[in-house]
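Below: the structure, in structure tokens.
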Amino acid sequence: MLNAVTIVVLILGGIGVGVALCRKKEVIRIADRVALGAVFVLLFLLGLDMGSRGDVISNISEVGLEAGMISLAAMLGSLAATSVVWVIWFRKREGEE
Amino acid sequence: MKSSLIILGVFAVGVVVGYARVTPEFVVRAELSLYALYLLVFLVGVGIGGGGKAAEVFRTISLRMALVPLSVIVGTFLGVALLAGVVPGLGIRESLAVGAGFGYYSLSSVIILKLHGETLAAVALLSNIFREIVTFTTAPIFARHLFKLAPISVGGATTMDTTLPIVTRFTGKEYAMICVFNGIVLTLSVPLLVPLILSF
């Protein structure tokens with residue numbers, strides 16, 4: 001079963017290993033390639049899971065619509081909140097430069 | 001942009017193969033995706049630590065820099081909560097969990113698959129890929145005509161790696177550190193916030 005603590009420990013452990021290996025550019029590059037491979041495997045398996053159960057496919061238009069709406073709401077909300085940060089803490093200094 | 005299309009293609013092939021039921025049962029049952037996810041998050045960590053950027057980012061960190069990812073989290077949740085309140089049939093908990101991917105589709109969709117189910121995982125996958133694609137296509141316009149932080153805000157977790165080149169090209173190099181910091185904070189928050197939201 002998935003465990004959020006495991007994931008956080010793995011990311012932090014990875015950062016530690018990465019810092020230790022940061023001089024070895026070759027190793028970091030290989031890690032990058034393998035990570036992309038892992039994304040491919042994950043997405044393929046995710047597709048496999050969804051395809052074999054069928055209810056995602058039968059609801060595909062609803063899934064797409066919900067995804068689009070949530071994505072737009074998330075981005076518009078982010079833009080609104082970040083614009084406040086921009087106006088108060090960034091814009092002035094930008095003008096001085 | 002090209003890579004997110006390739007990834008959608010790989011996903012589509014998976015759907016077709018799954019639908020055709022040609023894969024042996026053990027492949028589906030073996031929790032392979034869980035181990036691939038563990039490998040991925042570990043390697044994402046290695047990338048953050050080994051990229052040399054992390055140390056530089058944490059040397060230049062300031063309070064106003066920290067406000068950028070914070071505003072993305074708050075804004076995303078407000079926007080999505082508002083939507084879920086208006087559109088009937090859209091669960092607020094489910095919608096917030098999808099929004100909490102911040103564009104990091106692989107991690108968020110697999111976490112949601114394991115904790116909730118495949119339909120919401122599909123929503124999370126498409127929704128967060130969409131966020132990445134919109135970032136790629138709007139970064140030039142938003143940086144010029146809205147404000148410099150706009151593409152960083154829209155990009156969410158992706159500004160650490162995939163959308164970093166295009167975003168900094170239009171915001172200027174002086175925003176590169178904010179991009180990386182924003183992406184790192186949001187990337188780390190995905191495995192924390194998605195399970196937390198779904199636990200309610």
Side-chain angles (χ1 to χ4, degrees), chain A residues 1-2 4 6-8 10-19 21-22 28 31-32 34-35 38-57 59 63-64 66-71 73-86 89-91 94, chain B residues 7 10-11 14-19 21 23 28 32-34 36-50 52 64 67-68 71-72 74-76 78-80 83 95 98-99 106 109-111 113-115 118-119 122-123 126-127 130-131 134 147 149-150 153-154 188 191 195:
Chain A
M1 206 41 216
L2 178 84
T6 313
I7 290 187
V8 174
L10 280 170
I11 291 193
L12 294 180
I15 293 177
V17 171
V19 170
L21 292 175
C22 71
I28 302 295
D32 222 45
V34 179
V39 170
F40 284 158
V41 171
L42 266 178
L43 271 293
F44 177 76
L45 290 172
L46 197 65
L48 207 64
D49 221 21
M50 291 173 186
S52 62
R53 293 188 213 198
D55 41 335
V56 174
I57 298 183
N59 292 324
V63 165
E66 279 186 20
M69 287 193 300
I70 294 173
S71 194
M75 288 185 283
L76 290 174
S78 292
L79 275 175
T82 308
S83 72
V84 175
V85 172
W86 168 260
W89 286 282
F90 283 83
R91 192 172 54 182
E94 173 89 348
Chain B
I7 278 159
V10 171
F11 170 71
V15 172
V16 172
V17 172
Y19 193 67
R21 296 181 190 282
T23 38
V28 184
L32 266 177
S33 59
L34 194 62
L37 177 70
Y38 285 161
L39 179 67
L40 174 67
V41 291
F42 177 74
L43 292 174
V44 165
V46 174
I48 293 174
R64 64 175 196 149
L67 290 171
V68 178
S71 73
V72 175
V74 171
T76 295
L78 284 179
V80 172
L83 176 82
S95 306
V98 170
S106 51
S109 58
V110 175
I111 292 176
L113 177 74
K114 298 292 173 197
L115 295 180
E118 64 271 15
T119 307
V123 175
L126 291 180
S127 175
F130 190 52
R131 189 166 185 159
V134 170
F147 50 98
L149 292 178
S153 177
V154 171
L188 292 177

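Lettering of chains follows the sequences in order, A, B, ..., and the numbering in each one begins at 1.
- Minimum interatomic distance between A:A81 and B:G75 (heavy atoms only, all atoms of both residues): CB-CA, 3.6 Å.
- No side-chain heavy atom of B:F130 sits under 4.5 Å from any side-chain heavy atom of A:I70.
- The parts of B:L149 that come within reach of chain A are both its backbone and its side chain, each placing non-hydrogen atoms under 4.5 angstrom from that chain.
- In this structure, the portion of B:V134 lying under 4.5 Å from any heavy atom of chain A is its side chain and not its backbone.
- The contact between A:V63 and chain B is made by backbone and side chain atoms together, counting heavy-atom distances below 4.5 Å.
- With respect to chain A, the highest number of heavy-atom pairs below 4.5 Å among B:V16, B:L78, B:V44, B:L40 belongs to B:L40.
- Considering all non-hydrogen atoms of both residues, B:S153 and A:L79 come closest at OG-N, 3.5 Å.
- Closest of all the heavy-atom pairs between B:S106 and A:L43 is CB-CD2, 3.8 Å.
- By the ring pair (Phe, Tyr, Trp, His ring centres under 6.0 Å) test, A:F40 is found to be paired with no residue, residues two or more places apart in sequence or in another chain being considered.
- For the set A:N59, A:L46, A:V85, the count of heavy-atom pairs under 4.5 angstrom toward chain B peaks at A:L46.
- Residues satisfying the side chain to side chain donor-acceptor pair (under 3.5 Å) criterion with B:S127, sequence neighbours excluded, are absent altogether.
- Just one of A:V34, A:L42, A:L10 meets the side-chain contact (heavy atoms from CB on, under 4.5 Å) condition when paired with B:L39; it is A:V34.
- For A:L21, no part sits under 4.5 Å from any heavy atom of chain B, backbone or side chain.
- With chain B as partner, the option from A:G16, A:A74, A:A38 having the largest number of non-hydrogen pairs under 4.5 angstrom is A:A74.
- Geometrically, A:R91 does not engage B:F147 in a cation-pi contact, judged by NZ or CZ lying under 6.0 Å from the ring centre and within 45° of the ring axis.
- Contact detail for A:F90 and B:R64: the closest heavy-atom pair is CD2-NH1, 3.4 Å.
- Each of A:G14, A:G77, A:G13 has some count of heavy-atom pairs under 4.5 Å with chain B, and the biggest count is that of A:G14.
- A:I7 places a side-chain heavy atom less than 4.5 Å from the side chain of B:L37.
- With a 4.5 Å cut-off on non-hydrogen atoms, A:L76 does not touch chain B at all.
- By the 4.5 Å heavy-atom criterion applied to side chains, A:S78 and B:V154 are not counted as neighbours.
- For a residue to count as touching a neighbouring chain, one of its non-hydrogen atoms must lie under 4.5 Å from one of that chain's; by this rule A:A31 touches chain B with backbone and side chain alike.
- Among the candidates B:A36, B:A150, B:G99, the residue making the largest number of heavy-atom pairs closer than 4.5 Å to chain A is B:A36.
- The side-chain heavy atoms of A:V41 and B:L32, taken from C-beta on, include no pair separated by under 4.5 Å.
- Contact record, B:L43 with A:A35: CD1-N, 3.6 Å, taken as the closest heavy-atom pair.
- Residues A:G64 and B:L126 approach most closely at CA-CD1, 4.2 Å, considering heavy atoms.
- Considering only heavy-atom pairs separated by less than 4.5 Å from chain A, the leading option among B:V72, B:L188, B:V74 is B:V72.
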